[in-house]
Structure formats: C-alpha cells, structure tokens
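These numbers were taken from a predicted model, which means no experiment stands behind them.
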Amino acid sequence: GRSSRRTGGSGGVSLLFFITFCIKVYIDGNWNVPIATWTLDYVVGSVITILIWATVIFGIPAAIVAIWWIRREMQKP
C-alpha cells in the first residue's frame, strides 16, 4: 500500500493549554510547590478558569467575525 504523509495536528492546542496552565500556577504562587501537594480542587479549578478565559479571549473576536460575516452575506443580492 501507499504510505500517507498526514500526521495528527492537535499539538498546538495542547501546547497552548500547557503554557497557560504553567502561567496560572506561577501567578497563584504554586510554582515551587510539589505537584503531589496540589489538591484535586485546585487542578480542576485551574482548568475551568483556563477554559473560561480562553472562551472569553477567543470567543468574543470569533463572535464579532461571525456577526460581520453573516451581515455581509445577508446584504448580498
């Protein structure tokens, strides 16, 4: 058979999420604290906070672009 050159491409989102999580841990002051001492509540709360902020940062511009595009499409003859 023929080999495919296509590879998985989801590494960018995971890397961005990891970097954001590291920034959140640093801001919270838990950078030098062992990971084993973190509570599950802290980790889950951090993940939810990151998801909310990502939704706000990327969602508002996406909504503006979507509204602009829909208005442009509706005005076409």
Side-chain angles (χ1 to χ4, degrees):
R2 224 170 99 189
S3 65
S4 174
R5 292 182 182 220
R6 186 174 175 172
T7 60
S10 65
V13 175
S14 298
L15 179 64
L16 182 64
F17 188 80
F18 174 72
I19 291 171
T20 309
F21 185 76
C22 289
I23 292 170
K24 169 94 170 65
V25 169
Y26 180 77
I27 290 172
D28 288 344
N30 291 327
W31 188 255
N32 290 327
V33 177
I35 294 174
T37 61
W38 293 350
T39 63
L40 183 62
D41 290 338
Y42 173 73
V43 175
V44 171
S46 295
V47 169
I48 291 172
T49 302
I50 290 168
L51 290 175
I52 289 171
W53 277 106
T55 302
V56 169
I57 291 171
F58 293 113
I60 292 174
I64 292 170
V65 169
I67 291 170
W68 172 79
W69 183 77
I70 291 171
R71 290 189 69 199
R72 192 186 75 164
E73 289 294 319
M74 296 292 274
Q75 291 177 354
K76 284 186 177 179

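- Chaining together hydrophobic side chains whose heavy atoms lie under 4.5 Å apart places Trp31 alongside Phe17, Phe21, Val25, Tyr26, Val33, Ile35, Trp38, Tyr42, Val43, Val47, Ile50, Leu51.
- Among residue pairs with one or both ends in residues 42-65, none qualify as salt bridge (charged side-chain N to carboxylate O under 4.0 Å, His left out); sequence neighbours excluded.
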Give every donor-acceptor pair under 3.5 Å between a side-chain atom in residues 63-71 and any protein atom, sequence neighbours left out.
none

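- Take Thr49 and apply the side chain to side chain contact (heavy atoms under 4.5 Å, CB included) test, not counting sequence neighbours, and it matches Lys24, Trp53.
- If you take SG on Cys22 and CD1 on Ile27, they are separated by 11.5 Å, rounding to the nearest 0.5 Å.
- Residues passing the side chain to side chain contact (heavy atoms under 4.5 Å, CB included) test with Leu40 are Val44, sequence neighbours excluded.
- Residue pairs that meet the salt bridge (charged side-chain N to carboxylate O under 4.0 Å, His left out) test with at least one member in residues 43-60, sequence neighbours left out, do not exist here.
- With values rounded to the nearest 0.5 angstrom, Ile23 atom CD1 is found 12.0 Å from Asp28 atom CG.
- Shown here are the side chain to side chain contact (heavy atoms under 4.5 Å, CB included) partners of Phe58, two or more places apart in sequence or in another chain: Leu16, Ala54.
- Annotation: salt bridge (charged side-chain N to carboxylate O under 4.0 Å, His left out) contacts involving residues 39-57, sequence neighbours excluded, are absent.
- Applying the salt bridge (charged side-chain N to carboxylate O under 4.0 Å, His left out) definition to pairs two or more places apart or across chains, none involves residues 43-64.
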